Amino acid sequence: MLLGAHISIAGGIFNAPIEGKRATCDTIQIFTKSANQWKAKPLSDKEIARFFEEQKNTGVTVACAHDSYLINLGSPDEESYKKSYDSFQIELERCHLLKISLLVMHPGSHLGNGEENGLKRIAAAFNLLFERLPDNKTVVCLETTAGQGTNLGYKFDQLAQIIDLVEDKSRMGICLDTCHIFAAGYPLQSKKDYEETIRQFDRTLGLNRLKIIHINDSKKPFGSKVDRHEHIGQGEMGLESFRHILNDKRLSKIPKILETPKGEELLEDIENLRLLRSLIEK
Ligand SMILES: [Zn+2]
Ligand SMILES: [Zn+2]
């Protein structure tokens, strides 16, 4: 089983696998550039080579990248929409250079323009980008969201609607965030509820589209629509939810990534990963 965490690229992108190993990760998620800035310095050949080298040295793979928080492909404002898809193109290009096969992204917010319109704009952006980048091998993974504000993607059905409108569906995948779906109102705690939630996912999106799991506990209650990550076992979800996920054979090959707060020593990641591994039945 591949378990890991989101790891910082401070000091250079090649540091991430080294830090990931320190945090006892099998695999990691990274930003390929600063998540709070539009601009990015182009990657040098030297940096890219070292990034591959450190993955080999440490044995820590990079399961996926996560896009910048500034990007909103659902924006009704033409200027910020264009800025967003141009920026997302750069993210896809960076992933391609770094041979990162999955790019996780928050679908976007409609900002009052209505859910249907928002979903259409998101899909249109992918159609444009896939045409611009015909040879890009990175699969876009729409992340399930908690449904805060006008964020889209808090129902499996909304993600299915986006994929429906994308012409090249082979370039689309899903990232399921446990905290987000719990906050959005998909129950996971009892075995029966868990099975029903996974059945709904499979019926609406297909389990074959599920590429990444973000494994986070939730600080806020079930159905709260508020996105606040908590350490495993310390939030509202209960350890049973995680036990179901970790022992579900259908999900055993899917990388599972923590996105919980941590200090410089990475002790929180180490503890969360230890706890998650202890829940796996032999
Ligand atoms: Zn997430
Ligand atoms: Zn979140």
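Whatever order the structure lists them in is the order used to number ligands and atoms, beginning at 1. The residues of the chain are indexed from 1 along the displayed sequence. Keep in mind it's a predicted model, so treat the numbers as computed, not measured.
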J.: Taking all atoms of both residues into account, what is the closest heavy-atom pair of L98 and T32, and its distance?
T.: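 Looking at all heavy atoms of both residues, the shortest contact is CD1-CG2, 3.8 Å.
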J.: Step through it carefully: locate the ring centre of Y186, locate the ring centre of F156, and say whether they are under 6.0 Å apart.
T.: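 Yes, the ring of Y186 comes within the 6.0 Å limit of the ring of F156, centre to centre.
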J.: In E259, what N, O or S atom is nearest to the Zn ion (ligand 1), if we give its atom name?
T.: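 Of all N, O or S atoms in E259, the Zn ion (ligand 1) lies closest to OE1.
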J.: Can you confirm whether N127 sits close enough to V166 that some side-chain heavy atom of one is under 4.5 Å from a side-chain heavy atom of the other?
T.: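 N127 vs V166: side chains touch.
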J.: Using a cut-off of strictly less than 2.8 Å, determine whether C179 has an N/O/S atom near the Zn ion (ligand 2).
T.: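 For C179, the answer is no, given that no N, O or S atom comes within less than 2.8 Å of the Zn ion (ligand 2).
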J.: What's the OD2-the Zn ion (ligand 1)-OE2 angle here (D177, E143), rounded to 10 degrees?
T.: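 Reported to 10°, the angle equals 90°.
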J.: Please confirm if an N, O or S atom belonging to H214, backbone or side chain, lies less than 2.8 Å from the Zn ion (ligand 1).
T.: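 Checking the Zn ion (ligand 1) against H214, an N, O or S atom does fall under 2.8 Å.
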J.: Is it the case that over 12 heavy atoms from other parts of the model lie below 6.0 angstrom from the NZ atom of K99?
T.: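 No.
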J.: Do the non-hydrogen side-chain atoms of T204 and L159 ever get within less than 4.5 Å of each other?
T.: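 Side-chain contact under 4.5 Å: no.
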J.: With a cut-off of 2.8 Å, does D227 put an N/O/S atom close enough to the Zn ion (ligand 2)?
T.: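 Yes.
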